[in-house]
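Shown next, in structure tokens, is the structure this report addresses.
Since the structure is predicted, the reported quantities are computational estimates derived from the model, not experimental observations. Note that ligands are numbered from 1 as they come in the structure, with each ligand's atoms numbered from 1 the same way. One is the number of the first residue; the rest follow in order along the sequence.
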Amino acid sequence: MIYLDYQATTPLAPEASGAMQPWIADKFANPHSPSREGREAAAAIEVARKQVREAIGLKNGTLAFTGSATEAINWAIKGTLENAGPGRNRIVTVQSEHAAVLDTCEWLEGGGAGVTCLPVDSDGLIGVDAVKAALDESVALVAVMLVNNEIGIIQPVAEIAKLAHEVGALMLCDAVQALGRVHIPQGPDLVAVSGHKVHGPKAIGALWIREGAEPAPLIHGGGQEQGMRSGTLSPALCVGFGAAAKLASEGFDRDRAHVERLWTAALDALGPGWIINGDTGQRYHGNLNIRRQGLDAARLISDLRELAFSLGSACASGSGRPSHVLRAIGLSDREARSSIRLGFGRYTSEDDLVAAIKQIDDAAKSQERFAA
Ligand code: PLP
């Protein structure tokens, strides 16, 4: 199988898997217990916390582990709104955000919050002027992701954070697809990340929190994570995430150069008739989202059983609905359903990628012959 679905999840790094093993088997103490073993587990979690914080690379903040990035995003949005002063009851976000942001905003809107959801242009980019025009003193939070999970577009997060601060709002950046792939700029107050998108384990995420921007807790209970997020932490998951984050920091330039080579090879291998969805420059190049007129992308995916790639986003594929991001950049339903997403990275070989693209190209052409 050739795995080309790096935006859905990434292969667990052997180093992360190795680091987790003792904590899965023998070292089972509760990290919040005062026993010697418990303190050893707590110390391992603190090392992991530092490793994830360093991979994020922002100054003056703390990091709390969560059960997923989805939880971190829910917490950041709901907890910020909860803490906002009187008259601050509005969130500004963007149509191409992940469902974790959009559905949370929609739910809050049902409870009376104001939500302004800005459009993107046909390249997938947000106009900084449009953000500026949407901001006033009623805004509590601006939520904009750094790297889009469906089309890889990189948004001007630093400029947007500056604008948010000018009206006294906080800025949440969903950096799930950015960690280890592009540098996270200074500016955001809250940053959500996920273990499994950076060659770490699933079911662990984290929220980086700038000093003074702590959201009200979402999960109440035993007061873990300095009272910010209750629930017993999993040393295995934290340590695995930490090891993966360390690898991402240390191998950042190497991974980045590898992805650039893969992108160039992919474009060279792509036959005529394919159109790239989204801007190609302001983009993370480990994401190639392409369409072809008349293509039945769902059929292509099920026909090519030896390849793992995706239709828009994993979430959109599950629902059978066309991707909301592709619709947001102006594609018709039909064009969105003719689009596929190829995601590649650290463990993808150039030969595998080129072979996969040739198979995809051939299968698309045979669909066309069959339809003619
Ligand atoms: N945000 C983005 C951009 C994502 O791609 C994902 C995962 O698909 C998430 C948030 C949610 O991450 P998790 O799987 O850790 O809940």
Inset, instruction - Consider only side-chain heavy atoms of I, L, V, M, F, W and Y, link residues closer than 4.5 Å, and tell whether Val115 and Val142 are in one cluster. - result: no

Legend entry - Lys246 atom NZ, neighbour heavy-atom count above 12 within 6.0 Å: no

Inset, instruction - Check each heavy atom of Glu71 against ligand 1 and say whether those closer than 4.0 Å belong to the side chain, the backbone, both or neither. - result: neither

Inset, instruction - With heavy atoms only and a cut-off of under 4.0 Å, state how His196 meets ligand 1: side chain, backbone, both or neither. - result: side chain

Inset, instruction - Return a yes/no value for Ala69: is any of its N or O atoms, backbone included, closer than 3.5 angstrom to an N or O of ligand 1? - result: yes

Inset, instruction - May I ask you to list the atoms of ligand 1 that are less than 4.0 angstrom from any heavy atom of Ser68? - result: 15 (O), 16 (O)

Legend entry - Ring centers of Phe241, His196 separated by less than 6.0 Å: no

Inset, instruction - Please check if Leu311 and Phe344 belong to a single hydrophobic cluster, counting links between Ile, Leu, Val, Met, Phe, Trp and Tyr side chain heavy atoms closer than 4.5 Å. - result: yes

Inset, instruction - Verify the neighbour count for atom NZ of Lys50: are there more than 12 heavy atoms of other residues, nucleotides or ligands below 6.0 Å? - result: no

Inset, instruction - Could you tell me if any non-hydrogen atom of Lys197 lies under 4.0 Å from any atom of ligand 1? - result: yes

Legend entry - side-chain hydrogen bond (donor to acceptor under 3.5 Å, both in side chains) involving Glu109 - partner list, sequence neighbours excluded: none

Inset, instruction - Give the atoms of ligand 1, by number and element, whose distance to some non-hydrogen atom of Gln177 is under 4.0 Å. - result: 3 (C), 4 (C), 5 (O)

Legend entry - Side chain, backbone, both or neither: Ala100 near ligand 1, heavy atoms under 4.0 Å: neither

Inset, instruction - Examine the proximity of ligand 1 to Val176 and report which part, side chain or backbone, both or neither, has a heavy atom under 4.0 Å away. - result: side chain

Legend entry - Contacting atoms of ligand 1, where contact means under 4.0 angstrom from a heavy atom of Ser194: 13 (P), 15 (O)

Legend entry - Residues forming a side-chain hydrogen bond (donor to acceptor under 3.5 Å, both in side chains) with Glu46, sequence neighbours excluded: Arg49

